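Okay, structure first, notes after.
By convention here, the first residue in the shown sequence is residue 1. Model, not experiment: these values are computed from the prediction. Every heavy atom of this structure was used, including side-chain atoms; hydrogens, water molecules and symmetry mates were not.
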Amino acid sequence: MSMLERVRRTQEPPLLNVAVDVGEGPVVVLLHGIASSSASWRQLVPLLSPLYRVIAIDVLGFGGSQAPAGSTFTLDEHVEALHRTLRSLRLRRRYTLIGHSLGALISSRYAAVHRREVSHLVLVAPPIYGHRRYIDALGHRMRVGGYLWFYRFVRDNRLTIVGNAGRLSRWMPGVATAVDDRAWEAFSKTMQNCIEAQTTTTDIAQVPVPIDVVWGTRDQVIVPAALEALGTMHHVTLHEVPRSDHFLRPPLAREVARLLR
């Protein structure tokens with residue numbers, strides 16, 4: 001083990017940036033997706049803040065959350081940083097945890113590990129991909145393989161992805177994206193360690209509270225068969241939103257708000 005790894009293991013997890021903390025009432029915690037920040041929740045926060053205390057946190061390495069030197073951006077590192085941050089807020093009661101995309105994967109692991117803290121889990125557009133070895137349906141297996149190939153392509157082409165980030169934002173007005181040189185390490189390592197190498201289905205099976213899964217019929221990165229498999233679990237309820245894509249536009253935001261009310 002290197003000296004840097006020893007130092008990192010003895011350090012406390014970093015405190016993440018609490019970008020939004022508004023409203024009063026039961027607590028709702030929001031975790032955004034990859035290559036984004038808490039700004040992606042701007043459609044949802046106004047719908048919830050009249051009834052809830054809404055807390056939006058920037059994930060490790062994104063937005064205002066700086067990552068310590070030597071961070072490897074594993075799922076456990078994301079969960080540990082989130083746990084320390086939420087403890088610092090001294091929340092007195094259990095809370096609803098809502099994660100979008102990558103945030104849904106982090107939220108699932110968090111709720112499985114910190115079982116006494118979460119009262120309700122909402123997963124918005126979770127990119128859940130089982131290991132192709134265990135997928136029987138050819139179409140399902142090919143779709144998962146295609147997504148994983150694309151993610152590896154993105155990681156191997158830093159200059160192309162960073163260079164076109166501004167153009168991507170123009171193509172998708174209203175979508176909060178942040179892929180630049182500063183965030184590249186967090187982006188690429190998180191993609192590899194949390195999305196490509198994931199155990200989310202196992203995490204969800206261990207969560208002891210109700211789970212709502214919300215996604216759009218036009219989602220660009222969802223594998224419907226994987227979500228349908230989740231729906232066979234007794235504590236998971238599926239909600240498909242017509243004509244919605246992967247991003248947190250008003251239809252998805254309204255559906256999430258409806259589930260909480």
Parallel, tilted or perpendicular: which describes the rings of [X] and [Y], with under 30° parallel and over 60° perpendicular?
{"X": "H114", "Y": "Y110", "answer": "tilted"}
{"X": "F153", "Y": "W149", "answer": "parallel"}
{"X": "W41", "Y": "H100", "answer": "perpendicular"}

Taking [Y]'s backbone N and O only, do any of them form a donor-acceptor pair with [X]'s side chain (distance below 3.5 Å, no angle check)?
{"X": "Y147", "Y": "Y129", "result": "no"}
{"X": "Q198", "Y": "I195", "result": "yes"}
{"X": "R116", "Y": "R94", "result": "no"}
{"X": "R155", "Y": "R152", "result": "no"}
{"X": "T237", "Y": "D212", "result": "no"}
{"X": "H78", "Y": "V59", "result": "no"}
{"X": "T85", "Y": "L15", "result": "no"}
{"X": "Q192", "Y": "S188", "result": "no"}

Requested in this report: Let me know which of L259, L252, V213 forms a side chain to side chain contact (heavy atoms under 4.5 Å, CB included) with H239.
Outcome: L259
Query raised in the report: More than 12 non-hydrogen atoms from neighbouring residues, nucleotides or ligands closer than 6.0 Å to CD on Q206, yes or no?
Result: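 More than 12 within 6.0 Å, yes.
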Report task. Kindly indicate whether the side chain of F62, heavy atoms from C-beta on, has any atom under 4.5 Å from the side chain of S37. Result ->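 The answer is no; the side chains never approach within 4.5 Å.
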Closest non-hydrogen atom pair, [X] against [Y]:
{"X": "L51", "Y": "P26", "value": "O-CD, 3.7 Å"}
{"X": "V45", "Y": "V20", "value": "CG1-CG1, 4.3 Å"}
{"X": "E77", "Y": "T72", "value": "OE2-OG1, 2.8 Å"}
{"X": "S40", "Y": "H32", "value": "OG-CB, 3.5 Å"}

Report task. Indicate whether any N or O donor in one side chain lies under 3.5 Å from an N or O acceptor in the other, for D58 and S38. Result ->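 Indeed, the side chains of D58 and S38 share at least one donor-acceptor pair under 3.5 Å.
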Report task. Could you tell me the separation between the CG atom of L86 and the OH atom of Y95, rounded to the nearest 0.5 Å? Result ->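 Reported to 0.5 Å precision, the distance equals 4.5 Å.
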